[in-house]
Amino acid sequence: MSAQIFSRNANAILLVSIAAIVLLIVGIISALIGLYLSPWYTGVGDAIEQPVPFSHKHHVDQLMIDCRYCHSTVERVAHAGIPSTDTCMSCHSQIWTNSPLLQPVRDSYQTGEPVLWNRVYDLPDFVYFNHSVHVAKGIGCASCHGRIDQQHLTAKAQPLYMGWCLGCHRAPEEHIRPRDEVFNMAYEPQMMPIADRLALVQEYQIPVDGRLTHCYTCHR
Amino acid sequence: MQPVAPSLRRKPTVMSLLARFAWLPLCFVLVGCHIDMYDQPKYRPNRPSDFFEDGRSMRPPVENTVAMGSFEADSALFTGRLNGELAVDLPMELTADLLERGQTRYEAFCAPCHGLAGDGNGVIAYRGPLQVPTLHNDRLRTVAIGYYFDVITNGINRMYSYAHRIPPEDRWAVAAYVRALQLSQNVDADTLTAEERALLGGP
């Protein structure tokens, strides 16, 4: 009788090893997904340093200034518009006129050199997002920008992954609101019964035939 | 363990060699991962430029440029004036929609200083050392409506021009809404119906 090639406990070792390898693979994949979604990787919630520590909380929540006062093209064109220095100065030529924090704005107004704000939301260049159509179809600022009226310093509220965009493009009724609530930061789409939201989707002529999830809707 | 007899060891064939090194081309694929498509060499709004001296990719228009269709020198719609005089009539039909549009524009752009009711106690006026005149006096109630268009377009005193933020049609909507505001603050209570008086909450 020839000697056994494998010892008796080889069966157990084999089973344990297979289980360990499967767990390891699942673990690595979950860890990668977790990492990919984590604020550490996406930068959600990290305030970006700016030349002037502009506070949306102060201007929107406390002073109740409408989004459109500064982002005046949001209803008309793709780009919401970073306000020009002139817009800042239309108030700050009168109030806070000596604040050292606003020196870059005053310098810009005098010299014509732009204030170099740092980008917070950076979509890939192959995505063509249009603010005006979303606003016109009843998608609120807060749906993407979160409660920016509660942010002292501006940070991303969403990583802007494609799956997240598609979530709304597949089921707009989950995120739609009446047009006159678009700029209301405290409004939640769920305040409205689903039947009414479905009616809004129809009233605002949002295509539900699948066109919203075609590649060319966002990519050209 | 017993050594395997040489005769049992399989000779490596070409195919097995290929299979063993099949991962190599994968490395070339991974080397191809970069973000050129993510950051394409093109300008999108507000993007900086190292081509232009002032660092801006959004070019300021040449001075005195007028965009096609955005201005006609003899049109009240764009100038607020007819034959050099401030326009007395709206250059469009007065509708409830126009007033509603005027209200949203007024509340977004004017109310911070002029206040929601137009009496000059907006939140900016409240925070600063700023005296904002009320819209409810005889001079402003009787002035030609083109005056409001003109002030929004060109600014006045310490008020900046809002021309680049409010398109001409919307400026007229605001002017019409200001008229409605003025009426709301200066109407004889006897001319109201009983229902309307009840809404006022007074006796």
Side-chain angles (χ1 to χ4, degrees), chain A residues 2-7 58-97 109 111-119 122-129 131 179-180 182-183 219, chain B residues 1-4 35-49 52-60 100-101 103-113 115-116 122-132 152 155-167 169-170:
Chain A
S2 61
Q4 294 281 340
I5 295 177
F6 296 109
S7 63
H58 176 63
H59 289 84
V60 183
D61 190 46
Q62 293 165 352
L63 301 183
M64 291 178 290
I65 295 175
D66 194 285
C67 309
R68 290 164 285 187
Y69 188 90
C70 305
H71 305 291
S72 56
T73 57
V74 71
E75 292 174 299
R76 283 180 278 148
V77 299
H79 188 62
I82 296 295
S84 65
T85 302
D86 183 85
T87 298
C88 307
M89 290 298 282
S90 54
C91 292
H92 287 297
S93 61
Q94 303 301 324
I95 62 175
W96 270 45
T97 47
Y109 193 69
T111 61
E113 294 283 319
V115 178
L116 297 178
W117 300 99
N118 293 313
R119 184 170 283 280
D122 187 15
L123 268 184
D125 284 358
F126 44 80
V127 180
Y128 294 81
F129 179 82
H131 277 90
R179 281 191 188 117
D180 50 9
V182 164
F183 297 95
H219 305 291
Chain B
M1 283 208 295
Q2 288 181 337
V4 179
I35 56 170
D36 282 3
M37 288 298 280
Y38 197 104
D39 293 317
Q40 297 168 21
K42 66 179 179 185
Y43 292 138
R44 296 184 75 171
N46 292 122
R47 187 163 286 182
S49 159
F52 295 105
E53 257 180 28
D54 63 0
R56 272 184 272 202
S57 62
M58 290 164 84
R59 306 309 303 150
E100 258 175 45
R101 180 142 185 104
Q103 180 174 12
T104 60
R105 306 298 112 172
Y106 177 89
E107 288 174 1
F109 294 105
C110 316
C113 288
L116 288 172
V123 68
I124 304 303
Y126 176 75
R127 302 284 286 223
L130 188 59
Q131 290 280 321
V132 181
I152 300 170
I156 189 169
N157 300 333
R158 289 190 278 182
M159 174 179 155
Y160 279 30
S161 160
Y162 280 70
H164 66 285
R165 274 181 276 171
I166 315 181
E169 291 81 357
D170 285 351

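Predicted, not measured: the structure shown is a model, and the values here were computed from it. Computation of the quantities below employed the complete heavy-atom set of this structure, encompassing side-chain atoms and omitting hydrogens, waters and symmetry-equivalent molecules. Residue numbering restarts at 1 for every chain, and letters A, B, ... go by the order of the sequence lines.
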Hey, are the side chains of B:Met58 and B:Asn46 touching, using non-hydrogen atoms and a 4.5 Å cut-off? yes

I'd like to know if the side chain of B:Arg47 and the backbone of B:Ser57 have a donor-acceptor N/O pair within less than 3.5 Å. no

Proximal component of B:Pro112, with respect to chain A [non-hydrogen, under 4.5 Å]: side chain

Please identify, among A:Glu113, A:Arg76, A:Gln62, A:Arg119, the residue contributing the most non-hydrogen atom pairs under 4.5 Å to chain B. A:Arg76

Would B:Asp170 and A:Arg68 count as a salt bridge (Lys or Arg N to Asp or Glu O under 4.0 Å) if you check the C-alpha gap in whole Å, the side-chain angles of each, and the deciding distance to 0.1 Å? CA-CA 13 Å; B:Asp170 285 351; A:Arg68 290 164 285 187; over 6 Å; no

Could you label the plane-to-plane angle of the A:His219 and A:Phe126 rings as parallel, tilted or perpendicular, counting under 30° as parallel and over 60° as perpendicular? tilted

Using a 4.5 angstrom heavy-atom cutoff, name the option from A:Asp86, A:Ile65, A:Thr73, A:Leu116 with the most pairs to chain B. A:Asp86

So, the part of B:Tyr162 with a heavy atom under 4.5 Å from chain A: the answer is side chain

Would you mind checking if B:Asp54 and B:Arg59 are paired as a salt bridge, meaning a charged N to carboxylate O distance below 4.0 Å? yes

Heavy-atom pair count under 4.5 Å with chain B, highest-scoring of A:Leu123, A:Asp180, A:Thr97, A:Asp122: A:Asp122

Tell me whether the rings of B:Phe109 and A:Tyr69 are parallel (<30°), tilted (30 to 60°) or perpendicular (>60°). tilted

Taking A:Pro114, A:Ser72, A:Gly112, A:Ser90 one by one, which has the highest count of heavy-atom pairs under 4.5 Å against chain B? A:Ser90

Can a salt bridge be assigned to the pair A:Glu75 and B:Arg105 using a cut-off of 4.0 Å between side-chain N and carboxylate O? yes

Using non-hydrogen atoms only, which part of A:Phe6 is less than 4.5 Å away from chain B: side chain, backbone, both, or neither? neither

Between A:Thr87 and A:Cys70, is there a donor-acceptor pair closer than 3.5 Å when you use the side chain of the first and the backbone of the second? no

Which portion of B:Tyr160 sits near chain A, non-hydrogen atoms under 4.5 angstrom: side chain

Given heavy-atom pairs under 4.5 angstrom as the criterion, report whether the side chain, backbone, both or neither of B:Arg158 touches chain A. both

If I measure from the heavy atoms of chain B, does A:Val77 come under 4.5 Å with its side chain, its backbone, both, or neither? neither

Under 4.5 Å to a heavy atom of chain A? For B:Arg165 that would be both

What part of A:Met89 gets closer than 4.5 Å to chain B, counting heavy atoms only: side chain, backbone, both or neither? both

